[in-house]
Amino acid sequence: MTPNNETNNVTEIPKQYDPAAAQEKWTKFWDEKKLFRYEAEGQEQKPSAALEKKPFCIVIPPPNVTGALHLGHALNNTLQDITIRMKRMQGYDTLWIPGVDHAGIATQAVVERRLFEEEKLTRRDIGREALVERIWKWKEKYQERIIEQLKGMGCSCDWSRTRFTLDEVCAKAVRHFFFKLFQEGKIYRGKRLVNWDTHLQTAVSDDEVFHETVAGNFWYIKYPVMDVKQGEAAFVVVATTRPETLLGDTAVAVHPDPETALNKVIGDLKKRIETVPEKEKADLQSELEAIEKRKTDGTLDRLKTLAQMAKAGSKVLLPLLGKPIPLIADVWAKPEKGTGCVKITPAHDPNDYEVGKRNALPMVNILNKNGTLNENAGKYAGLTVKQAREKVVADLEAEGLLMKAEERMIELAHSDRSKTPIEPFLNDQWFVKMDELAQSAIDSVVSEGGLPPEIRIFPERYTKGYIDWLSEKRDWPIGRQLWWGHRIPIWYCKDTSEAELQSSFKNRNDITYQQDEESGDWRICSQTEDLSPDAVSGHKLVQEEDVLDTWFSSALWTHSTLGWPDDTPELQKFYPTGVLITNRDILTLWVARMVLAGKFNTGKKPFNEVYIHPKILDKYGEGMSKSKGNGVDPISVIAEFGADALRFALAYLTTENQDIRLTLDFECPHCGGSVEQTKKNRTQPKIQCPKCKKDFRTQWAELPEDKALPEGAMVGERFEVARNFCNKLWNAARFVLMNIQEEPQGRRSETCGLAGSLLEDRWILSRSATVTRDVTAALESYRYADAMRFLYDFAWDEFCSFYVEMVKSRLFDESQRQQAQTVLVHVLSSLVRLLHPVVPFVTEEIWQRLREFYPDLSVSIAVAPYPVCNENAINPEIEKQFAVFQELLRAVRDVRASRNVPPKTEITFSVRCGEQTAKLLKPMETYFLSMARARAVGWGETLKPATLSSTVPLTGMDLYVDLSELIDIPAERAKLEKEIAKLDGFIQSKESKLGSDFVQKAPAAVVEKERQSLTELQNQRQSAEKALHQLG
RNA sequence: GGGCGGUUAGCUCAGUUGGUUAGAGCGUCUGGUUUACACCCAGAAGGUCACAGGUUCGAGUCCCGUACCGCCCACCA
């Protein structure tokens, strides 16, 4: 019986794997079979406690609904899917919860920007409700898109549990969290300087601020001293880059003890100069000199006088406004900087704010929310900051109070959203006290008494940053001046009393309230329902306008998605979750807060492990982001290469300490030419192909005429490699399927029937077991690239290039066929199951075709048992023996290729070798014939080369290839001479090594190894020498 | 200013606790219609492991320094 008879449909297997078809088919199949769903209740056959599977849960780092996913997200989700699929196959009860994040600032900004671009409307034009409605629409659109992208990548999430950080389930958790914090006194109201975007009229976070160096000035301004006494200075001079802020000054400060402070700075600087590298010394030295000069040029004396005056209660006159303000002594004024005196503007500078608090200074806000100056600025009210600055400087000059102006480059903060300068602006703000909470999150990652920490972070080096950040224990500002988010569940009530509140809310344990010390107003927090304005009779309740920081809700993600605060079966089963897989820039903002919130709410850590993966960079080494335009849509890669290729490529590149650099280019859909992706064209909706001059569209196409153009795919070498690998696997499976059609032996166990005596069988089984062990270990410790390399090399170099090639002849031999099939199927089955977590579609396709022959295989590879390493099959001796065969085969092929033997010409060869080796290799003769078209004619210790043959000295053997008329004697001689020269080099270095201290000092085993190696080299040299003589 | 990572073949990257002659893919070159696969097969060329010092019998690997690239955090009257 020959393969490929007409009774079987395997001949229909296409030569090329078709990713699109497989993706569509198996996505649907998995969905229909509900393989990725976890059903908590209503299950017909509830497994007994003993049979209940161990739980393993991952919650997705919810992508922002600001836009579609790029390859960075693709990486993140691929790694999660690999992990969850492996766990599922290993028999865990798995749950991967998908979802998206409302991303307050970013999403509102995107929608607002669009509103303005398209309709020239601002949010104030349409109002809170209408804006929020629009953002919801945006969210619906992008959530759908994101979920589609995740599904397209093959993510095995339980889609029925998709969550959104603003949905009811999450909202409930947020309210409970806030209420609990408020009740325990961990939430308070304070002042905080925010980055005010005067264009968008919103506060933006530090992360959304970028600094740009602009040309500016350093102005020296004289503040006249009031009631000058004998020996006192008439002016205090301060230097500033922002003269207009003097309108909000409430003091001028000088250091209380400038001499000591200055000496300390000088001392520190001197110490540093000694330890610092040479090239930095010069700069520091001149800095030191400049500071030391202050002691002699009168600066210090003046500061000392001013310090005295400050202590005596001197006042200065605020220029332009003519307001008396105190001269104060405060350590914030550094005698080594500027003039040594500093103006204090508590409402517009974070440091000044602290000074203001310390010295009980008034805080004068001079800004309106739109960036113009307010009534506190006197005659400057109504001007923009820029206009005010010019006028202030002019007026100061006119009054003779401007001492000088220096030119200087200034780092100016700009809003990333509107690209306009940021104004620091002091605002009322809600805070969470971090002391205890932060400590609990630190404790979780610190190992004590040699025990592993509660939460392990991979790679370990990230633990430090996490701890350092938390150790600062800076209170967490949780309010945002936005409309998109969870509204802070606080209602203000004026002029009431505790008794009144008690009677209004009696028997309500979901209401709690506190009185503001300053204003006497009451703040009422409601855990569940929104309070109506007349909830307290005779008073009007007003809800807080601000919403909560996005991280406040995402901090709850691990338990809110599982149903907290309710004690759901899911929460009981899956919390703490297994691992959190995310990227490094949110380790603090998100991960740390999840730990502290999780512990605060549930008493338990939110996850056992955290894995931080690398960042995807473009060819310029820049991270992918929407704003830069270099974010590549995974779907466009999938369209070109398939989801499996995308996933394999990304996992293959996920190494421990290197970011992933991807060079991607456009492929012209018209001529197929490659168009380089540049910084310029990567944000354009359409591009003209430089070769065929035709236009194609990109992912940014919006206009109908652009969208009508064909899209240029994103191509990259790494994806090609991965696609080729998938295709290789596909074809290996195709070969196996074409050769197993007759009577299958039924489902075999992992080991039985495999104890064959053939070298190649035992070799591939040993290799398969080793790879199973190594891949599993690598994936379990998040070494994805290692795992991929093991699989790639095994599948391609060992299974395909050797085993499949060798097994061919046996498949045609009735007596050997069955054993060959058994091993072949066993190894393929292990291989596809090992690969399934990475390349789910192609492996499912193969699996389902295998099932046609082996019907008792699992219904889907997604729930098939993950291979377990059979330790008994691992045999290093066999692997060594096989390596001898490989060495010889390679040598024969090399002789053929380098001597230009025509491919069809059969050659003969003999091998001088020991009895053991001969016994080993003789049974392999058939493979030399099939794999190198070379016929073995002799094996033995005493063989000698024929005159017209090529000699290749190998490890413990010499290969003689009979070349007859093909021989080129001078060329052979040259080859041998070159070989001898090379060997001489090695021999010489070995001999000198063995003649040195090495022999005494190195471990005996290493020395012995070197001796053997030298002997081997000498033998080889001798063989080459002999062969040279033979040639005459 | 503090912290972290990187520098290995033309390109993109591996390289386990120090131990024979430093690996892969792509690209290049040679040859190939071998019945799984041209998204393939066989073979070859290509490296002062950034630079300088040290420890060691032995350094890509450990230590010190230098240069360059990248990231994070803080600060900047």
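In what follows, chains are A, B, ... by sequence order, proteins preceding strands, each numbered from 1.
- Residue A/V1006 is in base contact, counting any heavy-atom pair closer than 4.0 Å across all strands shown.
- Ionic pairing of A/E906 and A/R935 is present here: one or more N-O contacts between side-chain nitrogen and carboxylate oxygen are shorter than 4.0 angstrom.
- Taking the charged nitrogens against the carboxylate oxygens, A/D894 and A/R890 have no contact shorter than 4.0 Å, which rules out a salt bridge.
- For A/K464, the listed nucleotide lying nearest its side chain is B/G3; candidates were B/G32, B/G19, B/G3.
- Counting any heavy atom pair closer than 4.0 Å across all strands shown, A/D786 reaches no nucleic acid atom.
- Inspection of the A/R899 and A/S950 side chains reveals an N or O donor paired with an N or O acceptor under 3.5 Å.
- Comparing atom distances between the A/K1001 side chain and each of B/C57, B/U21, B/U20 picks out B/C57 as nearest.
- Within the nucleic acid shown, A/R242 has no heavy atom closer than 4.0 Å to any nucleic acid atom.
- Looking at heavy-atom distances under 4.0 Å, A/S898 makes no contact with the nucleic acid at all.
- Residues A/K343 and A/D349 are not paired through a salt bridge, judged by the lack of any N-O separation under 4.0 Å between the basic side chain and the carboxylate.
- Comparing B/C71, B/C75, B/C13 against the side chain of A/T655 picks out B/C13 as the nearest.
- Picking from B/G25, B/C76, B/C57 the nucleotide with the shortest atom distance to the side chain of A/F998 gives B/C57.
- For A/R890, the listed nucleotide lying nearest its side chain is B/G43; candidates were B/U20, B/G43, B/C4.
- Across all strands, A/A333 comes closer than 4.0 Å to base atoms (heavy-atom distances).
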#### Entry: Per-nucleotide protein contact string for nucleotides 36-42 of chain B (B base, S sugar-phosphate only, - none; heavy atom under 4.0 Å)
BB-BSSS
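- A/K990 has a carboxylate O that lies under 4.0 Å from a charged side-chain N of A/E1010, or vice versa, which qualifies the two as a salt bridge.
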### Task
Under 3.5 Å for both distances, Watson-Crick or G-U wobble, that's the pair rule; now give the dot-bracket for RNA chain B, with | marking pairs to another strand and [ ] for crossing ones.
(((((((..((((.....[...)))).(((((.......))))).....((.((..]....)).)))))))))....
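- Counting any heavy atom pair closer than 4.0 Å across all strands shown, A/L1017 reaches a base atom.
- Relative to the side chain of A/K1009, the nucleotides B/A44, B/U20, B/U12 differ in distance, and B/U20 lies closest.
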